[in-house]
A.B. asks: 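The structure follows.
The chains referred to below are lettered A, B, ... by the order of the sequence lines, with proteins before strands, and numbering in each begins at 1.
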Protein chains: 2
Amino acid sequence: MYSLAEENYLKAIYHLESKNKGAVSTNAIAEAMDTKPSSVTDMVQKLAEKKVLSYIKYKGTSLTEKGKKTAANVIRKHRLWEVFLVEKLNFHWDEVHDIAEQLEHIHSEELISRLDKFLGFPDFDPHGDPIPDKHGNIKPTEKKLLSELHKNQKGVCVGVKESNSEFLQYLDKKHITIGTKISVLGKEFFDGSMVIQVGRDQFFISQKIAENLYIQTN
Amino acid sequence: MYSLAEENYLKAIYHLESKNKGAVSTNAIAEAMDTKPSSVTDMVQKLAEKKVLSYIKYKGTSLTEKGKKTAANVIRKHRLWEVFLVEKLNFHWDEVHDIAEQLEHIHSEELISRLDKFLGFPDFDPHGDPIPDKHGNIKPTEKKLLSELHKNQKGVCVGVKESNSEFLQYLDKKHITIGTKISVLGKEFFDGSMVIQVGRDQFFISQKIAENLYIQTN
DNA sequence: TTTTATTTTTAGGGATGGCTAAAATTTGGT
DNA sequence: ACCAAATTTTAGCCATCCCTAAAAATAAAA
């Protein structure tokens with residue numbers, strides 16, 4: 001059983017490691033956790049003793065398999081609770097983070113298992129981030145067409161399939177460019193149309209548009 | 001904002017005070033919290049400074065209005081979460097206490113307000129205990145007929161209305177006597193019949209039985 | 001390569017919330 | 001009223017998790 005502080009460190013290190021690939025620096029952890037580097041050193045040494053990460057003085061840390069699994073489990077809980085807050089309690093997707101930040105530390109395997117079922121075993125949280133399974137595995141994601149995304153999935157625009165000027169002008173008008181983050185808020189099975197979120201704006205797009213945008217879902 | 005430890009102390013003192021009426025002793029708190037009297041003294045002095053309880057050395061403590069309201073709010077959260085766990089996640093009513101003990105400390109007024117609505121503004125938790133409203137008030141309860149209880153309400157048998165021997169023999173067979181705790185698990189509006197819990201047993205009773213048992217719901 | 005800047009660790013300490021042991025106070029029996 | 005027993009408080013200490021200040025190691029620049 002890990003303390004609240006330990007879980008938060010593991011989570012932060014997990015995120016940093018998956019973003020930058022490679023050992024994570026003490027300063028990077030301190031910044032992410034909004035704390036001081038000296039505090040990080042203390043905690044990292046403690047966590048190394050618990051075998052959830054490997055730590056070499058002055059060289060940074062990286063999670064062990066045990067640490068990754070523990071961190072992924074906290075993230076799983078966070079994202080499942082976010083789905084609950086949005087889908088069941090009708091919170092807006094940008095209001096739920098602080099509450100989920102608390103709920104993610106509730107200790108009960110059974111609770112999460114039942115919550116998962118209650119929510120219909122969702123694959124993505126309301127921000128479009130993937131929900132790890134109970135073993136800490138995240139479905140691998142790669143470049144795909146926007147039209148292939150599910151509801152609640154999100155990604156970054158990495159290209160277009162056909163690039164005629166009308167299409168590019170349309171993208172321009174909607175402020176979609178390479179690097180733009182797009183979330184699928186809703187999807188109509190009947191015609192493949194979607195409601196998407198781009199920055200602060202939410203709007204409807206047809207299947208034709210969705211089939212011509214490449215998205216990196218990672 | 002109160003810490004986890006502070007909230008637990010307030011809750012324990014609230015329960016002790018409502019059971020025994022009058023100032024609560026240090027030892028009683030220590031026993032309820034499974035801690036040492038010296039630790040209780042420390043915390044009680046801290047809470048007295050925060051004006052949530054009044055404390056006189058060697059004489060015990062009692063909650064101020066502020067303290068009562070804070071404690072009732074924690075209890076409200078605990079009981080609402082219990083309803084969620086039983087009604088939505090299909091936990092059994094005797095499995096939910098430890099999880100609710102954690103969930104009760106999540107800080108978000110908005111969350112509880114929405115949870116309350118999501119659950120249909122329940123008046124009682126799955127153990128039959130009343131759920132305080134957002135101002136910390138609990139509906140006053142008194143002696144009533146078992147037939148007047150709602151689903152999930154509970155109470156202690158304090159008497160019978162008609163006492164013919166067949167009825168008393170029936171009660172005996174079902175192990176119902178003065179002081180027996182009875183919970184209403186289900187109620188049929190059509191004929192007023194109920195499913196009740198008595199100790200470890202759950203069984204069906206007719207409206208006629210329910211109309212002849214006095215229950216103290218407090 | 002040597003100096004300077006940055007990063008990281010160590011040392012020492014503070015707040016919270018718990019503990020044991022000993023002292024103080026109250027309660028109860030005679 | 002007095003002594004013994006029980007209760008309660010105080011004093012001093014421990015673990016967790018954070019901090020500042022100073023020292024050590026590494027990285028960058030001249």
A.B. asks: Think A/Tyr9 has a side-chain N or O under 4.0 angstrom from the OP1 or OP2 of D/dC18?
C.D. replies: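 Yes, within the criterion.
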A.B. asks: In Å, rounded to the nearest 0.5 Å, how long is the span from CD of A/Gln45 to CG of A/Leu53?
C.D. replies: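 If we round to the nearest 0.5 Å, A/Gln45:CD and A/Leu53:CG are 10.5 Å apart.
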A.B. asks: Any side-chain to backbone donor/acceptor pair from B/Lys134 onto B/Ser113? Under 3.5 Å, distance only.
C.D. replies: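 Judged by distance alone, no pair lies under 3.5 Å.
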A.B. asks: Take the protein atom NZ of B/Lys36 and the nucleotide atom C1' of C/dA21, then report the distance between them rounded to whole Å.
C.D. replies: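 In whole Å, C/dA21 C1' lies 13 Å from B/Lys36 NZ.
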A.B. asks: Rounded to whole Å, how long is the line connecting atom CE of B/Met33 with atom C1' of D/dT8?
C.D. replies: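 Spelled out: CE on B/Met33 to C1' on D/dT8 is 17 Å.
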A.B. asks: Expressed in angstrom and rounded to an integer, what is the separation of A/Lys57 atom NZ from D/dA23 atom P?
C.D. replies: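 Rounded to the whole Å, the gap is 16 Å.
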A.B. asks: Taking the basic N atoms (NZ, or NE/NH1/NH2) and the acidic carboxylate oxygens, is any pair closer than 4.0 Å for A/Lys68 and A/Glu17?
C.D. replies: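 No.
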A.B. asks: Of A/Leu4 and B/Ile56, whose closest DNA chain D nucleotide lies nearer the 5' terminus?
C.D. replies: B/Ile56
A.B. asks: Calculate the interatomic distance between B/Asp42 atom CG and C/dA15 atom P; express it in whole Å.
C.D. replies: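 In whole Å, C/dA15 P lies 15 Å from B/Asp42 CG.
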A.B. asks: Flag the pair A/Lys11 and A/Glu7 as a salt bridge only when some basic side-chain nitrogen lies within less than 4.0 angstrom of an acidic carboxylate oxygen.
C.D. replies: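 Between A/Glu7 and A/Lys11 there is no salt bridge, as every charged N stays at least 4.0 Å from the carboxylate O atoms.
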A.B. asks: Kindly point out which of C/dG18, D/dC18, D/dT20 is positioned nearest to the side chain of A/Ser38?
C.D. replies: D/dT20
A.B. asks: Judged by atom type as modelled, is there a donor-acceptor pair below 3.5 Å linking the side chain of A/Lys174 to the main-chain atoms of A/Asp201?
C.D. replies: no
A.B. asks: Kindly indicate, with the supporting measurements, whether the criterion side-chain contact (heavy atoms from CB on, under 4.5 Å) is fulfilled by A/Val52 and A/Tyr2.
C.D. replies: CA-CA 11 Å; A/Val52 286; A/Tyr2 298 92; 3.3 Å; yes
A.B. asks: What is the distance, to the nearest angstrom, from the CE atom on A/Met43 to the C1' atom on C/dT9?
C.D. replies: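 Computing the A/Met43:CE to C/dT9:C1' distance gives 16 Å.
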A.B. asks: What does nucleotides 2-7 of chain C look like as a protein-contact string, B for base, S for sugar-phosphate only, - for none, at under 4.0 angstrom between heavy atoms?
C.D. replies: -----S
A.B. asks: Given C/dT10, D/dT26, C/dG18, which nucleotide is nearest the side-chain atoms of A/Thr41?
C.D. replies: C/dT10
A.B. asks: Look at A/Arg76 together with A/Asp116 and state whether they make a salt bridge at an N to O cut-off of under 4.0 Å.
C.D. replies: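 Salt bridge present between A/Arg76 and A/Asp116.
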A.B. asks: Nearest-Å distance, CD (B/Glu31) to C1' (D/dA6)?
C.D. replies: 15 Å
A.B. asks: Which of the following nucleotides, C/dT10, D/dA27, D/dT10, is nearest to the side chain of A/Lys59?
C.D. replies: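 Looking only at side-chain atoms, A/Lys59 lies closest to D/dA27.
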A.B. asks: Could you state the atom-to-atom distance from CD1 of B/Ile29 to C1' of D/dT9 in whole Å?
C.D. replies: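 To the nearest whole Å, that distance equals 14 Å.
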A.B. asks: Rounded to whole Å, please give me the gap between OH in A/Tyr2 and C1' in D/dA15.
C.D. replies: 19 Å
A.B. asks: Please determine, for the side chain of B/Gln45, which listed nucleotide (D/dT9, C/dG18, D/dT20) has the closest atom?
C.D. replies: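 Looking only at side-chain atoms, B/Gln45 lies closest to D/dT9.
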